[in-house]
Protein chains: 2
Amino acid sequence: MSARTRYLAAALDLMAADGFNGTSMRDIARAAETSLSNLYNHFASKSDVLVALLRDANDDLLRRIRAELDTAGPSATERMAAAVRAYVTFSGECQTAAVLSLSEFRYLRGEGREAVVQARDTTESIFRGVIADGVGTGEFRTPYPDGATRAIVSICAAVPTWYRPDGPLSLSELADVHVRYVLAMLEAATVTAQQPASTAMPA
Amino acid sequence: MSARTRYLAAALDLMAADGFNGTSMRDIARAAETSLSNLYNHFASKSDVLVALLRDANDDLLRRIRAELDTAGPSATERMAAAVRAYVTFSGECQTAAVLSLSEFRYLRGEGREAVVQARDTTESIFRGVIADGVGTGEFRTPYPDGATRAIVSICAAVPTWYRPDGPLSLSELADVHVRYVLAMLEAATVTAQQPASTAMPA
DNA sequence: CCTACCGATCGGTAGG
DNA sequence: CCTACCGATCGGTAGG
């Protein structure tokens with residue numbers, strides 16, 4: 001494990017718990033069992049630490065979505081299901097990073113912010129493209145396809161804020177449930193023919 | 001305008017922009033054109049300021065939802081539409097307070113946190129109750145009603161993070177769009193019979 | 001005896 | 001990779 005990885009792992013836990021402004025560079029150095037000066041040898045500023053964390057998280061999410069899409073069927077319905085599965089799975093498996101992405105992005109400024117904005121746009125454009133495809137083929141019948149991307153991403157991005165690994169549903173079941181919600185929201189033609197993934201749900 | 005109201009208005013803008021830990025009591029006092037000591041005469045701590053802000057915001061949201069429900073029709077479909085309309089309207093009209101509620105809640109501890117948690121549970125339980133009613137009457141046919149509350153609240157709560165008053169849709173149109181998303185997600189029996197509220201949507 | 005409020009300063013810590 | 005620091009500012013409180 002490289003020094004950089006250790007710093008980022010420590011910073012991830014601390015910032016997810018106490019926020020960007022609630023975490024000091026001394027806190028991070030201490031958690032990584034190094035000195036403050038050494039931390040500054042790897043990151044020019046506290047903002048740079050956050051940029052690295054959010055970029056890594058977004059890269060991971062994007063990689064997962066693309067991997068799922070590579071093995072998905074050709075229809076927009078199948079591709080949307082794959083993308084939602086990937087997002088929900090990421091939200092559960094990388095919960096801390098997903099929470100951080102959601103809550104601490106606002107503290108970024110300048111070019112670091114622009115880089116993360118661009119990475120987010122890439123993710124959103126994948127959903128937007130699949131929605132447009134599905135509307136074109138008639139698979140999705142929602143009269144409001146343009147606003148659906150935000151609604152879908154909002155649902156997926158909120159999962160890490162309440163998900164608990166010891167909950168009543170496995171992450172795979174949770175992904176299935178969210179696929180159903182999303183396809184129903186898009187008024188997918190196939191949604192009523194789907195089989196429920198599970199009959200048990202959290203209260 | 002009472003002194004307390006002036007402090008809270010200043011704190012709301014500052015904390016929504018820079019976060020709880022990024023806003024100092026001196027910043028708040030300066031923005032409210034008073035002294036730090038006077039601020040401490042009204043709030044025992046910075047946390048107490050945040051508690052007051054989040055409680056006020058939640059009270060406002062709850063009041064709006066209840067007011068809409070009072071004039072709504074009796075069906076679960078109409079009541080869900082009313083609740084979503086109220087939430088989206090609040091998100092747009094009280095955007096700063098809504099953003100704060102979403103992002104800064106995590107910095108609360110102790111009994112102040114518990115009070116806000118309880119207020120949130122009250123709001124969520126309204127949605128949960130309407131969903132249960134609709135499932136009971138057969139209006140909502142989703143196989144996963146128990147997870148739908150979180151998905152619905154997540155969509156509504158995310159609106160203030162991207163909404164712009166100068167966007168292509170009026171707040172009323174935006175509310176209509178979200179009502180359609182939510183009812184579709186619940187697989188409402190009436191959803192395909194609905195009329196689109198608008199043909200224009202943001203990109 | 002209370003409130004509302006002041007200028008000044010407390011012990012510690014922030015990012016760098 | 002460390003000790004030793006900086007200008008400033010932190011949340012909170014002093015006496016009056």
Side-chain angles (χ1 to χ4, degrees), chain A residues 1-55 100 103-116, chain B residues 1-56 100 103-113 115-116:
Chain A
M1 195 184 201
S2 75
R4 182 188 157 91
T5 308
R6 250 189 307 113
Y7 298 138
L8 289 180
L12 175 60
D13 287 340
L14 289 167
M15 288 190 179
D18 303 322
F20 176 72
N21 281 318
T23 301
S24 71
M25 288 294 264
R26 284 169 174 79
D27 292 335
I28 298 168
R30 197 180 310 117
E33 294 183 306
T34 185
S35 70
L36 180 64
S37 324
N38 192 23
L39 177 54
Y40 273 104
N41 279 335
H42 290 82
F43 298 95
S45 68
K46 193 166 74 159
S47 290
D48 280 11
V49 176
L50 181 58
V51 169
L53 287 171
L54 295 197
R55 191 149 43 190
L100 199 81
S103 61
E104 305 307 303
F105 165 71
R106 53 195 295 241
Y107 297 114
L108 286 185
R109 305 288 169 217
E111 59 182 82
R113 182 187 182 94
E114 290 313 306
V116 175
Chain B
M1 195 183 200
S2 75
R4 181 189 158 90
T5 307
R6 252 189 307 113
Y7 298 138
L8 289 180
L12 175 59
D13 287 340
L14 289 168
M15 288 189 179
D18 303 321
F20 176 72
N21 281 319
T23 302
S24 72
M25 290 293 265
R26 283 166 175 82
D27 292 335
I28 298 169
R30 198 180 308 119
E33 294 182 306
T34 185
S35 70
L36 179 66
S37 320
N38 192 23
L39 176 54
Y40 274 104
N41 278 336
H42 289 81
F43 299 94
S45 68
K46 194 165 73 159
S47 289
D48 280 11
V49 176
L50 181 59
V51 169
L53 286 171
L54 295 196
R55 190 149 43 190
D56 286 358
L100 200 81
S103 60
E104 305 307 303
F105 164 70
R106 53 196 293 240
Y107 297 113
L108 287 185
R109 307 284 168 219
E111 60 182 83
R113 182 185 182 94
V116 176

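Every heavy atom of this structure was used, including side-chain atoms; hydrogens, water molecules and symmetry mates were not. Naming convention: chains lettered A, B, ... in sequence-line order (proteins, then strands); numbering from 1 in each chain.
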Could you measure the distance from the CD1 atom of B:I28 to the OG1 atom of B:T34? Nearest 0.5 Å is fine. 12.0 Å
Could you tell me whether B:T23 contacts a base, only the sugar-phosphate backbone, or nothing, with contacts defined as non-hydrogen atoms closer than 4.0 Å? sugar-phosphate
Hits for side-chain hydrogen bond (donor to acceptor under 3.5 Å, both in side chains) against B:D27, two or more places apart or cross-chain, chain-then-number order -> B:S24, B:R30
Between D:dG16 and C:dA4, how far is it from one C1' atom to the other, in whole Å? 13 Å
Please set out all donor-acceptor pairs under 3.5 angstrom arising from side-chain atoms of residues 42-50 of chain A, sequence neighbours excluded.
from	atom 1	to	atom 2	distance (Å)
A:H42	ND1	A:N38	O	3.2
A:S45	OG	A:S47	N	3.4
A:S45	OG	A:D48	N	3.2
A:S45	OG	A:D48	OD1	3.4
A:K46	NZ	A:F20	O	2.8
A:K46	NZ	A:T23	O	2.7

What are the two closest heavy atoms between B:S103 and A:R106, and how far apart are they? OG-NH1, 3.6 Å
Counting only Watson-Crick and G-U wobble pairs with both atom distances below 3.5 Å, the stems of 3 or more consecutive pairs that include DNA chain D are none
Do B:R26 and B:L39 make a side-chain contact, defined as non-hydrogen atoms from C-beta onward lying under 4.5 Å apart? no
Pairwise N/O distances under 3.5 Å, protein to nucleotides 2-5 of chain C:
from	atom 1	to	atom 2	distance (Å)
C:dC5	OP2	B:N38	OD1	3.2
C:dC5	OP2	B:N38	ND2	3.1
C:dC5	O5'	B:N38	ND2	3.3

Between A:A115 and A:R55, the two heavy atoms sitting closest are CB-NH1, 3.6 Å
Pairing residues for A:A31 by the side-chain contact (heavy atoms from CB on, under 4.5 Å) criterion, not counting sequence neighbours: A:A10, A:L14
If you measure from the P atom in D:dG12 to the same atom in C:dA8, how many Å do you get, rounded? 22 Å
To the closest 0.5 Å, what do you measure between OH (A:Y7) and CE (A:M25)? 10.0 Å
Could you report the tightest heavy-atom contact between A:G112 and A:V51, atom names first, then the distance? CA-CG2, 3.8 Å
Euclidean distance, atom CG of residue A:D48 to atom C1' of C:dG15 [Å, nearest integer]: 13 Å
For B:L39 and C:dC6, give me the distance from atom CG to atom C1', rounded to whole Å. 14 Å
Could you write out each protein N or O paired with an N or O of nucleotides 10-13 of chain C at a distance under 3.5 Å?
none

For A:V116, which residues count as a side-chain contact (heavy atoms from CB on, under 4.5 Å) partner, sequence neighbours excluded? A:L54, A:N58, A:F105, A:L108, A:R120
In whole angstroms, how far is the P atom of C:dC6 from the CD atom of B:E33? 11 Å
Tell me, please, which residues at least two apart from B:R113 pass salt bridge (charged side-chain N to carboxylate O under 4.0 Å, His left out). none
